[in-house]
Amino acid sequence: MRSPLTALEAFTRDARVATTVIGDAYPRLAGWFAVTKAAEQLCVMRDEERGAYVASLASGVLPPSPARPTLIHDAMQAPSNPLGRVTERLRVEAEDMERAGCFEMAFTTVAAACRLAVDADLVSRLTATAHLGRIARQLGDLGTAADCYDVVVGEAARVRDGPLGALGILGQGSVAHMRGNRPEERRLYDVALSLAHPGGVCECSAHIGLMNVANAENRVPDAFAHGWRAFDVSPEGSDARATTLSNLAFAALRSGFAGAALNGFLHVLSLTAVSRIRLTVISGAMRSAALRDDRQAVRELEETGRQEALHANLPFEIASFTFHAAEAWQTLAEFDAASRLLVETRRIADKYGFYELGLKAEAALNSFETLRDTTLRAPTSAPGSAHTRKGDVARVLMNDGIRRLEALSV
């Protein structure tokens with residue numbers, strides 16, 4: 001299990017990697033350090049000292065806010081006790097740190113929230129634990145992430161709380177995805193969906209996960225069905241909605257609608273500044289442009305992605321970007337450019353244990369001797385042909401899905 005750094009150590013490490021990706025948020029580094037330090041301080045205080053300290057924080061470091069973390073218990077209201085409220089307040093600040101790539105301060109802050117929540121209630125403690133797992137996952141520490149999610153699932157099962165268990169199971173599904181275990185990923189997302197509160201955060205996340213699996217397995221009608229349900233239950237302007245639109249563009253790409261896919265990807269880039277989402281979207285746009293034989297667009301998009309990666313502390317997303325960017329260059333028979341990117345993918349995958357990506361990169365590199373004389377096209381289906389549902393249902397899902405995507409990106 002990863003141990004949190006001290007507030008000062010976390011700030012120093014994040015400040016070292018925090019560059020232009022933070023943009024206007026860069027001046028917030030000092031404020032985030034103050035939040036992380038306050039969280040650290042709260043953990044070592046006696047109960048009778050905390051009340052006055054929390055009140056003093058409200059006038060400066062942690063002003064009151066109605067915002068709640070994105071990982072919450074769908075079936076329960078916000079905590080009413082002071083310690084529960086400050087725990088959620090710390091987690092909201094930590095999510096801003098995550099969006100800016102300041103994962104060490106986020107990890108230290110949420111680790112403190114977990115310790116504080118031990119004295120609060122089970123729901124506060126387990127939602128904070130699931131949050132800690134998400135940050136560990138983004139840091140590439142899959143072992144710590146899995147440990148956090150296992151705690152949530154085990155404790156939720158003990159008290160028979162399905163929606164709370166769904167949070168942990170969704171995290172387990174994300175770990176299975178990063179390790180390349182697709183059957184387990186699909187199973188976990190199905191279980192999470194069955195436990196999720198209707199219309200809530202977990203239902204949305206489960207549909208996004210199942211959409212990803214359907215895309216990977218070329219079940220495009222299913223991807224559209226899950227994707228548009230996730231879109232409909234996700235809050236407008238949220239990261240979940242941007243992620244959903246990105247995956248819907250991937251479904252369009254896999255079904256042969258490269259133009260609609262490219263428009264969709266570019267639309268998502270205009271909606272979000274979050275590197276975790278943007279790296280995935282840029283590689284999708286590269287593949288769409290490659291299928292349209294637009295070398296200049298592929299070149300410009302790769303440079304955009306490289307600039308994003310330079311300033312992001314996201315090993316899995318960077319490895320995925322380099323792998324899929326290589327696919328774009330393979331499509332254009334630019335094998336030297338593709339090889340360079342695949343070597344980079346393999347290096348990151350070996351370092352962090354991203355087994356499926358590493359194996360795919362190795363297989364692609366080994367096959368290049370025979371591919372250099374051939375133009376390799378990314379695997380697609382003819383428009384409307386991919387299916388797991390039969391006949392008219394599949395055609396309706398495909399056509400409606402493409403129309404909705406095109407309408408959003410006009």
d(T144 OG1, I135 CD1) to nearest 0.5 Å is 12.0 Å
Verify, without hydrogens or angle tests, whether E184 (side chain) and A176 (backbone) share a donor-acceptor contact under 3.5 angstrom. no
Can you spot which of D14, D96, V61 makes a side-chain contact (heavy atoms from CB on, under 4.5 Å) with W32? D96
Looking only at heavy atoms, the pair that brings L29 and C102 closest together is CD2-SG, 3.6 Å
Can you tell me how far apart CG (L188) and OG (S174) are? Round to the nearest 0.5 Å. 9.5 Å
Side-chain donor/acceptor of D74 to backbone N/O of C202, under 3.5 Å: yes
Side-chain donor/acceptor of T127 to backbone N/O of L71, under 3.5 Å: no
Any side-chain to backbone donor/acceptor pair from E155 onto V151? Under 3.5 Å, distance only. no
Rounded to the nearest 0.5 Å, how far does CZ of R306 lie from CD1 of I282? 12.0 Å
Taking the basic N atoms (NZ, or NE/NH1/NH2) and the acidic carboxylate oxygens, is any pair closer than 4.0 Å for R299 and E334? no
Over all heavy atoms of both residues, which pair between R278 and T272 is shortest? Give the atoms and the distance, please. NH1-O, 3.1 Å
With a 3.5 Å cut-off and no angle check, do the side chains of R134 and T70 form a donor-acceptor pair? yes
Looking at R241 and S234, would you say the former's side chain and the latter's main chain have a donor-acceptor pair under 3.5 Å? yes
H177/Y189 aromatic ring centres below 6.0 Å: no
With side-chain contact (heavy atoms from CB on, under 4.5 Å) as the test, would you mind laying out the steps for V152 and Q172 before giving the verdict? CA-CA 10 Å; V152 176; Q172 291 175 331; over 6 Å; no
Show your working on side-chain contact (heavy atoms from CB on, under 4.5 Å) between R50 and L116 and close with a plain yes or no. CA-CA 11 Å; R50 284 177 179 161; L116 291 171; 3.8 Å; yes
Examine distances only and state if a side-chain atom of N215 and a backbone atom of A223 form a donor-acceptor pair shorter than 3.5 Å. no
Taking it one step at a time, do E98 and R91 satisfy salt bridge (Lys or Arg N to Asp or Glu O under 4.0 Å)? CA-CA 10 Å; E98 288 179 78; R91 290 178 54 213; over 6 Å; no
Distance in Å, W228 CH2 paired with L248 CG, rounded so as to fall on 0.5 Å steps: 5.0 Å
If every non-hydrogen atom of L195 is compared with every non-hydrogen atom of G162, which pair is closest and at what distance? CB-O, 3.5 Å
Considering only NZ, NE, NH1 and NH2 on the basic side and carboxylate oxygens on the acidic side, decide whether R287 and E327 come within less than 4.0 Å. yes
Compare all side-chain heavy atoms of D239 with those of R99 and state whether any distance is below 4.5 angstrom. yes
Would you name the heavy atoms of H197 and A75 that are closest together and state the gap between them? ND1-CB, 4.2 Å
I'd like a table of donor-acceptor pairs (distance under 3.5 Å, sequence neighbours excluded) in which one partner is a side-chain atom from residues 348-362, with atom names and distances.
from: E356; atom 1: OE2; to: R182; atom 2: NH2; distance (Å): 3.2
from: E362; atom 1: OE1; to: R346; atom 2: NH1; distance (Å): 2.6

Return the CD1 to CG distance between I169 and D150, rounded to the nearest 0.5 Å. 10.5 Å
Parallel, tilted or perpendicular: which fits the ring planes of F250 and F265, with parallel below 30° and perpendicular above 60°? perpendicular
Taking atom types as modelled and ignoring hydrogens, do the side chains of T109 and E93 form a donor-acceptor contact shorter than 3.5 angstrom? no
If you take all heavy atoms of S246 and T280, which pair is closest and at what distance? OG-CG2, 4.3 Å
Taking S56 for its side chain and Y53 for its backbone only, find out whether a donor-acceptor pair lies under 3.5 Å. yes
Testing the basics here: between G259 and R292, what is the closest heavy-atom pair and its distance to 0.1 Å? CA-NH1, 3.3 Å
Do H131 and E95 pass the side-chain contact (heavy atoms from CB on, under 4.5 Å) test, and can you show the C-alpha distance, the side-chain angles, and the key distance before you say yes or no? CA-CA 9 Å; H131 190 171; E95 290 192 334; 3.5 Å; yes
T36 vs E104 side-chain heavy atoms within contact, under 4.5 Å: no
Hey, mind stepping through F103 and M97 against side-chain contact (heavy atoms from CB on, under 4.5 Å) and telling me if it holds? CA-CA 7 Å; F103 297 115; M97 300 173 197; over 6 Å; no
Note, L57 side chain near R89 side chain (heavy atom, < 4.5 Å): no
What residues form a side chain to side chain contact (heavy atoms under 4.5 Å, CB included) with D190, not counting sequence neighbours? R186, L210
Distance, nearest 0.5 Å, that separates CG of L291 from CG of L253: 6.0 Å
Answer yes or no: are there more than 12 heavy-atom neighbours, outside Q77 itself, under 6.0 Å from its atom CD? no
